[in-house]
Amino acid sequence: MRIRATVAAVTGALALSAFAVPAAQAAEPKVPADIAAASEVVHSDSGRSAFAAAEDGTPYALNATFSSVKVNNGKNIAVGTTNLVKVPVTFKLTHGADVDIHAADFFAGIELYRGASFNESIFFFDSNDASCTDSSATVANCKATVEIHPYSLLNEDAGSWKAAGFAVAFNGEDPENPNLDNVGVAVTDPTNSFKLQRYSKLTVNASPEPVKKGKTITVTGKLSRANWDDNKYHGYTNQPVKLQFRKKGSDTYTTLKTIKSNSTGELKTTVTASTDGYFRYSFAGTTTTLAVNATGDFVDVQ
């Protein structure tokens, strides 16, 4: 099991937390290299940045704001046990006429975080530096991507998350060693809220096949979900799951009954055979776990 332990102040653009885990399974906030220095600056007031202890000045308030922020096309984010999840983010950036958002040392991005606020986050992922297209002299439409790998997560990370927008103008300062008095920073927080959920799987098997009308059909299955502590799937226990049926030729499933998964996530119930059709289990999901429907299993009733 991986354990995350944070510290107040460390050095290095990416070293925002320290972890008592093997390097191969280190779980730490993710900051793309192209925006690392900007992320360091915007967190200088929170105590999570090397600049916070350097006493190199204080960034000024940059005339820039974020609006119309959309994370993952407005949907919750589900992460499994192995696959990298690339989360699209889009936003509108409104800025003063004196702010050059296309300068080589200007950066804008979106941070997804768990915690009370941007400066009090427990864990976070930053997007890459956004690509922006001007819609007017002071407004741009921007897009970026946040990458989330399950090896960076722990089960405790599942649940409610927020998003914030941040922009940094270095104005010619060395991003690795700036005089912060000459650096502009803007943060819009929060811009969104969403759920970061553990991916779930659901199976079903209805038997016997075929079956005579009036006989008993036994429907089994299993509900499981991603465990981010060991990157395996485990049964999701004691959860309400609906058994649903769709007649042959119909597009609509009807709920027959609701049962609960057992101590290993297994499901089992019986019904009386009446007509040809498809059986499936359906799980509505929870705050921490993605909703899922099993693929229907066809039974021929004779």
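These numbers come from a predicted model, not from an experiment.
At a threshold of 4.5 Å between side-chain heavy atoms, the hydrophobic network of Ile, Leu, Val, Met, Phe, Trp and Tyr places Tyr233 and Ile77 in two separate groups. The same ILVMFWY cluster, assembled from side-chain heavy atoms under 4.5 Å apart, contains both Val211 and Leu256. Hydrophobic clustering (ILVMFWY, side-chain heavy atoms < 4.5 Å, transitive): Ile35 and Val185 are in one cluster. Under a hydrophobic clustering in which Ile, Leu, Val, Met, Phe, Trp and Tyr are joined whenever their side-chain heavy atoms come within less than 4.5 Å, directly or via other members, Phe125 and Val69 fall into the same cluster. Residues Tyr199 and Leu223 do not share a hydrophobic cluster, clusters being chains of Ile/Leu/Val/Met/Phe/Trp/Tyr side chains in contact below 4.5 Å.
In this structure, the separation between OG on Ser68 and CG on Asn192 is 10.0 Å, given to the nearest 0.5 Å. Distance check: His149 NE2 to Thr82 OG1 gives 7.5 Å after rounding to the nearest 0.5 Å. Expressed to the nearest 0.5 Å, how far CG of Asp300 lies from OG1 of Thr275 amounts to 9.5 Å.
Between Glu266 and Thr220 the shortest side-chain heavy-atom distance does not fall below 4.5 Å. Counting heavy atoms from C-beta outward, Ile148 and Lys30 have side chains that stay 4.5 Å or more apart.
Although no hydrogens or angles enter the test, the distance criterion places a donor-acceptor pair under 3.5 Å between the side chain of Asp129 and the main chain of Ala108. Under the 3.5 Å distance criterion, the side-chain polar atoms of Gln239 are matched with a main-chain donor or acceptor of Thr237. A side-chain donor-acceptor contact under 3.5 Å links Thr203 to the backbone of Lys222. Here the side chain of Asn171 pairs a donor or acceptor atom with the backbone of Asn182 at under 3.5 angstrom. Side-chain N or O atoms of Asn141 include none that pairs as donor or acceptor with a backbone N or O of Lys92 at under 3.5 Å. A distance-only check finds a donor-acceptor pair linking the side chain of Asn76 to the backbone of Lys195 [under 3.5 Å]. Side-chain N or O atoms of Thr191 include one that pairs as donor or acceptor with a backbone N or O of Ala163 at under 3.5 Å. Remark: the backbone N or O of Thr270 is paired with a side-chain donor or acceptor of Lys257 at under 3.5 angstrom. With hydrogens and angles disregarded, no donor-acceptor distance shorter than 3.5 Å links the side chain of Asn73 to the backbone of Lys75. Counting only distance, with no hydrogens or angles, the side chain of Arg246 and the backbone of Tyr278 share no donor-acceptor pair below 3.5 Å.
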message: Pair Thr289, Gln197 - check side-chain hydrogen bond (donor to acceptor under 3.5 Å, both in side chains), show working.
response: CA-CA 5 Å; Thr289 306; Gln197 297 177 308; over 6 Å; no
- request: Test side-chain contact (heavy atoms from CB on, under 4.5 Å) on Glu111 and Asp189 and set out the steps.
  value: CA-CA 10 Å; Glu111 180 164 298; Asp189 175 52; over 6 Å; no
- request: Dump the intermediate steps for side-chain contact (heavy atoms from CB on, under 4.5 Å) on Ser207 and Asn205, then the final yes or no.
  value: CA-CA 7 Å; Ser207 63; Asn205 182 57; 4.2 Å; yes
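Across Ala38 and Val168, no two heavy atoms sit closer than the pair O-CG2, 3.6 Å.
A side-chain donor-acceptor contact under 3.5 Å links Asp229 and Asn155.
A ring-centre distance under 6.0 Å is found for His43 and Phe124.
With a 6.0 Å cutoff to the six-membered ring centre and a 45° limit on the axis angle, Arg114 does not count as a cation-pi contact of Phe123.
The aromatic rings of Tyr236 and Phe283 sit perpendicular to each other, their planes meeting at more than 60°, with 30° as the lower class boundary. Ring pair Phe118/Tyr113 is perpendicular by interplanar angle, where above 60° counts as perpendicular and below 30° as parallel.
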